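The basis for the numbers below is simple: all heavy atoms, side chains too, and nothing from hydrogens, waters or symmetry mates. Predicted model only: the values in this text are computed from it and were never measured.
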Amino acid sequence: MSSISDAAIVETFKYLENGGCVIQRPNLKYELFLPYILKYYTLDEVSFLKANYTQVELIKNILTTINRDDLIRDVERQISQNQTLLDVISETNFTGFVRPRNISKSEDVIRALPLLNNCDDLIRCLVANNPQMFHKVLCLEGILSRNPKWITSQQIPQSLINELKTVLFGTLRNCVNNVQQPLSHHRARLCILMRIICGFVHFFKVNFDPSDLEVCLTVIDHAGSDRLKKLCLCFLLLCSEMLIKTNRLLLVSSFARIVNPRNTQLFLIFAYFFRANQLDQISKMCVSTLAMDVEISGYGLVELRIATKDTLFSEVTLAKSALEIEPDTFDGLGLAKDPSDIAFNVVYVMLKGGVFHKGKTDLRPWIIRQITQATTPIHSQLGPLIKTYASCIFDYGIAYSAYPTPMTKIPELYIFTFFRERIDKISPAHVLLFYYVLQFNTFARERKSIGGQASLQKTIYSSNLPYASDLMESIPVRRILIEAEKCDNGLAYRNIYPELLGLVASNYPEIFDIENLLIEEDRLSKSSRQNQSVVKNFVQLIISNLTENPEVSISALKTLESMEPEDLLIHCNQLILDLLPRIIHQGNPRIIQSVYQIWLSLYSMSPHEASLLFINATRGQEDQGIRFTELQLMMDPLLVIRCDPQVFRCPSIFKIFIKVLRFFMKGSRSRLSRLQQDENEYLKDRVTPEKMDKLILVQEISLMKMLLEVCETKLKDNSDVLEEIRNITFSFLHELFIENTMLCKELHSEGYSFELIPLTTRKIESMHMCIIFAPELIKDETSPKRQLFGLFLGSQLCEVWPMEQTYKLAKDHIIEKIKEISFKTNEKILSEEAKKVLPILVLIFNVFPNLRSEIVRILRALEEKFKPHKGHAITFGMKRGSEIFIAQLLEQVREKPTSSSKVKKRKKSENFKGRSITFEK
């Protein structure tokens, strides 16, 4: 480098570093900087360089035509064939632009390598370092940046290594002792020097004398940038085994100067690695930082972990530092493609490992921050973190007996306020906060159940009761579930959706029905979202023209039918509360059908709100002016049926009513069961789970009996409308019977109008299950009314389902009970009860002819009982009526009565034509 003075190089370097224009100062010494200059200037602009430097044309040609990737691969191939690097360099055609005149071949090799890989690296190295160390030190950084194996593949003389080491540490001392401005450049130079030193430690296994070690550790005091801190840390770790043996205290103190709570990233990542025993990840981090395949001594790391466990990484310090973790805290460490993987895992390991318990630190602020700042897709670790946090709130004296849990639940008021605000779109925060609430309530009930009578468990449970019902009913459950299911084709919340779905099904079973799901699928093909002013105009148009110009209202309603339910929700008060009471009595079927479709759309998106509004819009006369709350209806669904009577004679509106009734019945079961779990011990003793189940059963039986009363024939009933109402009701009862067979048994044990028995047995498909318990009704001696109901029910079952089971029912129970009722009086007349049940024998005869002989035997015995006494041709009065009644029955079973001819000629009662039976209420 003798032909070009260091002063000339420095002057040129500073000029270029400060953005100087080459054209304005053509007399500077540009030889070392030609690749950079020719990359940004044309030959015409810097034509004066041709006269000064013969290699200009060659360099420009290489910069514009050479394929550097192919060149690098060719060099690597030749090296792998045991050709020396020096030979490779000397054989290439680009040596002219990297070898100034009178430069030795060894320097040529070092200076060629950065340019060989990437021309930009040359100037990058220059602007970041003192040009005076360029020849030996700077270009070694370029080699290490690209392919360190080029070093290990050469037989580098020890003398050259020692020479480089001397220059390296001399440059480092000079840089440490003479801080240059700006500081960013000073730190950049230190970064390059520390990286080269780390390469020396790894590749050449050099030993440092105390003065060399001292100057390296002094760099820590200059480590104002994260990059420099990490490089200093890599140096310590590479030397950890040597320092553990020679100066353990120096290693620990130097490590603590870099890895401490003020440097949250390094402090927490090392705490995580040491606690999780993932020491191999420390080597991975060093490889990423140095861009070299270095190996860290396992012995040194183990000893360092032991030495810092109780001093540097105490639980109190760790817990407080962990509250500062953000998803991007560990960015730049090269440990994962997504730095949030490390961030959430660090908190999770500390939470599970008891760091927050022992550190007496509440994680609640951190959880709230992550929930409110979350974006989609939801990180896979965030759900388990929220769940574990909720669980730890109840770990008082369980997981860590010596450490009471510092965790507290998110305040109810905070959640209530969060969900009470107008929600135009469901956000990740809504989904995650709802997920937390469900998890918390689940753990609260589980811990209470497991805890039994333990006083400690009572204390922790009483201070962490499940979130109140009012809060739970204020959450837009269905909208949240739809968002979690559909957002980004299900990918946004896929890590929590299965568990969220299970929790919702457990806590809100009422929102799941097949029709709802079909409506939801269908609405995906509808139009896009509408401007709210447009929707508002249509709503006002409907209401203002409902009476005077219904066609306008119908047209506007049809338009609303095609809109998204999200657009309609804002106006649901007007669409339901204001519109329904008016159209029920107006009776326009087209308007009613449109409102029915709109309500279904609203229900698919927000079933809680749509159901509550329907009930309050259709109040009966006794409840006018009352506005029920959802909780009131869930606790007492009998309130649902107190509707305007017109609801029960308008099929489309009655369909809505049935959906709403089903909704509150399902919800009531869940809410009442949870009430029994959540209330205090005194109430629990009074209302046992068995009593609560009985209460729910009685409540639902009452509702079904009221529905059946709706199906009874009333004056002025339209037969077609009544039939449709009955069909809707019977379909609903069928669903209930399938869900809970006990409902079917208890309903028929209570009984209902005899008028409906032929209809229920024929139109409710699941009524065949009554065959099983019909004998119990028939044999019930405590209630004659129940016996009578059982006989009529059993006879209809026989007629609808003639098979072996009903044959046994008829033979063993129905016929025997009729026989018992008919003969149980000593009077010579039939009792009124007997007159009601004897016609059943005719029905049994027609269904099961095999039972004819038994039926005839009973009728003959009754005929004998009521025949005239000797000496009397005929009988009179009530006895005569009984005789005629039996004679008519005999004729129905194709038997000839033995009574007088006058009896035989009497007009047959209409009650016995064919197979029909007249039922009384």
Side-chain angles (χ1 to χ4, degrees), residues 327-328 336-345 347-348 367-390 415 418-419 423-442 472 475-530 562-569 600-610 663 666 670:
D328 62 350
K337 291 182 179 179
D338 185 354
S340 60
D341 292 348
I342 303 295
F344 290 128
N345 206 38
V347 179
Y348 183 77
I367 289 289
I368 293 177
R369 193 166 73 248
Q370 302 314 311
I371 287 176
T372 54
Q373 296 177 0
T375 58
T376 56
I378 297 299
H379 194 277
S380 59
Q381 198 67 32
L382 189 52
L385 258 172
I386 293 172
K387 182 177 180 179
T388 304
Y389 157 71
I415 300 173
F418 190 84
F419 282 107
I423 302 175
D424 293 326
K425 179 175 174 55
I426 297 297
S427 67
H430 291 112
V431 178
L432 290 173
L433 194 57
F434 179 49
Y435 175 78
Y436 155 76
V437 169
L438 294 176
Q439 291 286 10
F440 177 88
N441 282 2
T442 300
M472 300 302 291
I475 299 174
V477 180
R478 182 63 184 163
R479 291 181 65 189
I480 290 175
L481 198 60
I482 291 174
E483 177 69 12
E485 179 186 358
K486 304 296 183 183
C487 183
D488 197 16
N489 293 321
L491 297 177
Y493 298 93
R494 64 178 179 178
N495 294 309
I496 66 169
Y497 179 73
E499 193 168 13
L500 177 65
L501 182 63
L503 291 167
V504 172
S506 175
N507 287 270
Y508 300 91
E510 65 274 9
I511 72 171
F512 295 94
D513 65 66
I514 295 176
E515 187 177 2
N516 225 16
L517 297 175
L518 293 176
I519 293 171
E520 174 61 24
E521 289 296 328
D522 179 62
R523 84 175 184 87
L524 295 179
S525 62
K526 290 187 177 181
S527 60
S528 58
R529 298 291 300 273
Q530 299 289 329
S562 64
M563 292 184 181
E564 294 283 347
E566 291 96 330
D567 297 323
L568 302 178
L569 273 175
L600 286 181
S601 180
L602 292 170
Y603 182 80
S604 71
M605 175 57 65
S606 185
H608 292 84
E609 188 170 4
F663 178 86
K666 285 186 176 180
S670 173

Trainee: Under the side-chain contact (heavy atoms from CB on, under 4.5 Å) rule, collect the residues that match up with T376, sequence neighbours excluded.
Mentor: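 So T376 forms a side-chain contact (heavy atoms from CB on, under 4.5 Å) with P428, A492, Y493.
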Trainee: To check you understand the geometry: which heavy-atom pair defines the closest contact between P607 and F663, and what is its length?
Mentor: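 Between these two residues, the closest heavy atoms are CB-CE1, 3.7 Å.
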Trainee: Can you establish whether the number of heavy atoms outside D488 located under 6.0 Å from its atom CG is more than 12?
Mentor: yes
Trainee: For the side chain of R478 and the backbone of S604, is there at least one donor-acceptor N/O pair under 3.5 Å apart?
Mentor: yes
Trainee: Step by step, would you call N441 with M472 a side-chain contact (heavy atoms from CB on, under 4.5 Å)?
Mentor: CA-CA 10 Å; N441 282 2; M472 300 302 291; 3.5 Å; yes
Trainee: Do P476 and M605 touch side chain to side chain, with heavy atoms closer than 4.5 Å?
Mentor: no
Trainee: Tell me, with the steps shown, if Q439 and L503 meet side-chain contact (heavy atoms from CB on, under 4.5 Å).
Mentor: CA-CA 8 Å; Q439 291 286 10; L503 291 167; 3.7 Å; yes
Trainee: Could you tell me whether the side chain of N495 and the main chain of I378 form a donor-acceptor pair under 3.5 Å?
Mentor: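 Here the side-chain-to-backbone pair exists.
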Trainee: Please give me the minimum heavy-atom distance between S506 and S670, naming the atom from each residue.
Mentor: O-OG, 3.6 Å
Trainee: Considering all heavy atoms of both residues, which atom of I367 and which atom of L385 are nearest to each other, and what is their separation?
Mentor: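 Closest pair (atom of I367, atom of L385, distance): CD1-O, 4.3 Å.
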Trainee: Report the relative orientation of the aromatic rings in F419 and H430; use parallel for angles under 30°, tilted for 30 to 60°, perpendicular for over 60°.
Mentor: tilted
Trainee: Who passes ring-ring contact (aromatic ring centres under 6.0 Å, His included) against Y389, sequence neighbours left out?
Mentor: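 Counting only residues at least two positions away or on another chain, Y389 forms a ring-ring contact (aromatic ring centres under 6.0 Å, His included) with Y436.
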Trainee: Parallel, tilted or perpendicular: which describes the rings of H379 and F344, with under 30° parallel and over 60° perpendicular?
Mentor: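 If you compare the ring of H379 with that of F344, the planes turn out tilted.
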Trainee: L500 and V431: which non-hydrogen atoms are nearest, and at how many Å?
Mentor: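 Nearest pair, atom of L500 first, then V431: CD2-CG1, 4.1 Å.
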Trainee: Step by step, would you call Y435 with E499 a side-chain contact (heavy atoms from CB on, under 4.5 Å)?
Mentor: CA-CA 9 Å; Y435 175 78; E499 193 168 13; 3.0 Å; yes
Trainee: Looking only at heavy atoms, which two atoms of A429 and T372 are closest? And how far apart?
Mentor: CB-CA, 4.0 Å
Trainee: Can you tell me how far CG of L568 sits from OG of S606, rounded to the nearest 0.5 angstrom?
Mentor: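 Answer rounded to 0.5 Å: 12.0 Å.
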Trainee: Check step by step if side-chain contact (heavy atoms from CB on, under 4.5 Å) holds for R494 and L491.
Mentor: CA-CA 5 Å; R494 64 178 179 178; L491 297 177; 3.9 Å; yes
Trainee: Going from CD on E564 to CG on L569, what distance comes out if it is rounded to the nearest 0.5 angstrom?
Mentor: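 Here the interatomic distance stands at 11.0 Å.
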Trainee: Evaluate the side-chain proximity of I496 to L432: yes if any heavy-atom separation is below 4.5 Å, no if none is.
Mentor: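 When only atoms from C-beta onward are counted, I496 and L432 do touch, with a gap below 4.5 Å.
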Trainee: Look up atom CG in L602 and atom CD in E609, then write down how far apart they are to the nearest 0.5 Å.
Mentor: 8.0 Å
Trainee: What's the spacing between Q381 CD and T388 OG1 if we round to 0.5 Å?
Mentor: 8.0 Å
Trainee: How long is the span from the CD1 atom in I480 to the CG atom in L438, to the nearest 0.5 Å?
Mentor: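 Result: 8.5 Å between the selected atoms.
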Trainee: Among F434, Y508, Y497, find the residue that satisfies the side-chain contact (heavy atoms from CB on, under 4.5 Å) test when tested with L481.
Mentor: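 For L481, the side-chain contact (heavy atoms from CB on, under 4.5 Å) check succeeds only for Y497.
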Trainee: Taking all atoms of both residues into account, what is the closest heavy-atom pair of I426 and I423, and its distance?
Mentor: CD1-CG2, 3.7 Å
Trainee: To the nearest 0.5 Å, what is the distance between NE2 (H608) and CD1 (I511)?
Mentor: 6.5 Å
